[in-house]
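All remarks here apply to the structure that follows.
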Amino acid sequence: MSPMTTSRTSPGAPHSDVVLPTRQDEVAAAGSELIGGPAGKRALHGRSWWTPVRVIALVAIGMFALGMVQKLPCYNGAWFFGAGAQYTHACYSDIPHLFVGRGFADGLVPYFEELSGSHQYLEYPVLTGLFMEVASWFVPDGGTLQYREQIYWLVNSGMLMVCAVVIAVCVARTHRRRPWDGLLVALAPAFALTATINWDLLALALTAAAMLMWSRERPLAFGVLLGLATAAKLYPFLLLGPLFVLCWRAGKWREFGIAAAGAVSSWLVVNLPVMLLAPDGWKEFYTFSRERGTDFGSFWLILQQRMDSPLATDTVNNLATALMLLVCLGVAALALAAPRRPRFAQLALLIVAAFILTNKVYSPQYVLWLIPLAVLARPRWRDFLIWQACEGMYFLGIWMYLAYTTSGDKHQGLPEEGYQLVIAIHLLGTLYLCAVVVRDILMPERDVVRRDGSDDPSGGVLDGAADVFALGQPGPSPHHATAAQGPPGASVAWGTDEVQRKTPGNAGP
């Protein structure tokens, strides 16, 4: 009897072990015809300077540059002359507007000095505020205000481009045998279109690096990076929830404790000085988040626009929180009752998607939060592109709706009913992505990452670990992949203590 082959892949694994999407994904294979077709049987891998990570980094830079080109109509005038043009050209960005609106043009120190506009202080988390402040240091004092705003956007775009490359590279390296999945991040249309609307890429880069560290069994580094990501944007802390449930099922309490302690510590290191020295400025982000009314992109907005008596903000906050908690309980039950322990990326996607779906606002750049998680959770081109198409329609829809609301009696753009339709398309696209991930959890033989017998390549200490707790009795689950679900002649089996791969010539126990 041949020894079992575990799911782990050593750093020195041969390049032939790299999964090639053009050989297992029909959409990727069809798309590759533009550059010569799928890789052949005699193709040499790992013999060229053009490694997957380098290719993905360059593609990410190219797509980011195209996204900057898409903003040219605004850069050349629409940001500065007339409110409607930046919407009709779909090139709006917060960055140049907040250069003046949040005091950076006047040299005000975020959180410590009051503003004269609609906000008393900067309404962003501390690490994002620092990012914005550092970018302002590179803007010259001389020149017109328009010129300075343009320079501020360019400086921020350069810094955000670095973040974009970090995200794509981290995703490419998280699953050792699937580096080409990072190409989905680099080529994502919504990534290019929304990357320079706001500063979300900073938190995304830190989160992607954190997940890479967890996959390398470095829980402290994961926690520190996740805490920094939470200091830049609130949503990354949600990843501790799925990790808690998975570590509970696998009995990895020590690793979870280290990760949680690292996250809390790094968050405090960033926030505590501002919290103590400028408490009013520090809490502006949290106050604004609580008091902000129902806003663009959420199903709450559809309800508000269709109700005779709109719900109060406090009521929406309470209902959204209750709905989010209910979904979290459902995800936890799914994780504990699934036939095999779900992969970390799968649960991370579900929990962040739940936050997006239940939240009272969906800014167009929030799609960025899901792109790396979607690639790690469901690296299948068809499903990814279906979801991206839905998000692309929403991206155009929100700007056309804003064009309609700012065009006065002309009513040029998308009316309220049309905007409600594109919100529904965005919601359905996100629900579709969640549905296929839930199906993969319940039917793990349909998970493209697990089709070769792998367990959780991004799971770090969870990869191949035995369960110590589960709801009910986890059955053997569907053990064998059909020809449509895996390579011809191969079968997939997961043991109770160790994940293994069986082939006709390697009949494990």
Side-chain angles (χ1 to χ4, degrees), residues 1-29 32 38-41 43 45-46 52 171-184 211 215-217 338-346 374-384 436-437 439-466 476-509:
M1 184 177 295
S2 301
M4 293 184 295
T5 303
T6 67
S7 66
R8 298 178 187 270
T9 306
S10 65
H15 291 282
S16 59
D17 282 346
V18 170
V19 174
L20 302 176
T22 56
R23 291 186 182 175
Q24 69 164 211
D25 191 298
E26 59 276 9
V27 176
S32 70
K41 294 181 179 180
H45 306 288
V171 171
R173 297 187 64 190
T174 297
H175 290 170
R176 293 182 188 272
R177 295 189 63 244
R178 304 185 61 91
W180 287 110
D181 289 344
L183 205 56
L184 282 165
M211 295 196 70
S215 73
R216 297 298 192 262
E217 301 185 17
R340 273 214 64 79
R341 188 173 55 249
R343 294 189 290 111
F344 179 31
Q346 291 174 320
V375 171
L376 294 173
R378 179 66 180 170
R380 189 161 180 81
W381 284 74
R382 181 198 63 189
D383 298 328
F384 187 82
V436 293
V437 170
R439 183 196 62 187
D440 287 349
I441 292 173
L442 296 175
M443 304 172 65
E445 80 281 4
R446 303 199 61 164
D447 183 353
V448 293
V449 175
R450 283 176 157 170
R451 65 170 39 167
D452 62 355
S454 297
D455 180 34
D456 188 359
S458 63
V461 295
L462 300 169
D463 187 23
S477 122
H479 284 295
H480 300 288
T482 66
Q485 296 159 347
S491 61
V492 175
W494 296 282
T496 55
D497 295 324
E498 187 171 25
V499 180
Q500 53 186 303
R501 178 170 61 184
K502 290 183 180 179
T503 64
N506 181 28

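As the structure is a prediction and not an experimental result, all values here were calculated from the model.
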Please give me the minimum heavy-atom distance between [X] and [Y], naming the atom from each residue.
X	Y	answer
Arg173	Arg216	O-NH2, 2.7 Å
Arg178	Val448	NH1-O, 3.6 Å
Pro379	Asp181	CB-OD2, 3.4 Å
Ser454	Val449	CB-O, 3.7 Å

The salt bridge (charged side-chain N to carboxylate O under 4.0 Å, His left out) partners of Arg341 (sequence neighbours excluded) come to Asp455, Asp467

Can you list everything that forms a side chain to side chain donor-acceptor pair (under 3.5 Å) with Asp383? Sequence neighbours excluded, please. Arg378, Tyr432

By side-chain contact (heavy atoms from CB on, under 4.5 Å), which residues pair with Thr174, not counting sequence neighbours? Leu212, Ser215, Leu376, Ser458

Roughly how far apart are His175 NE2 and Met211 CE, rounded to 0.5 Å? 7.5 Å

Calculate, to the nearest 0.5 Å, the distance between atoms CG and CH2 belonging to Leu183 and Trp381 respectively. 4.5 Å

From the list Asp447, Asp440, Asp456, side chain to side chain donor-acceptor pair (under 3.5 Å) partner of Gln346 resolves to Asp447

Given 3.5 Å as the limit, does a donor-acceptor pair link the side chain of Arg343 with the main chain of Gly459, or not? no

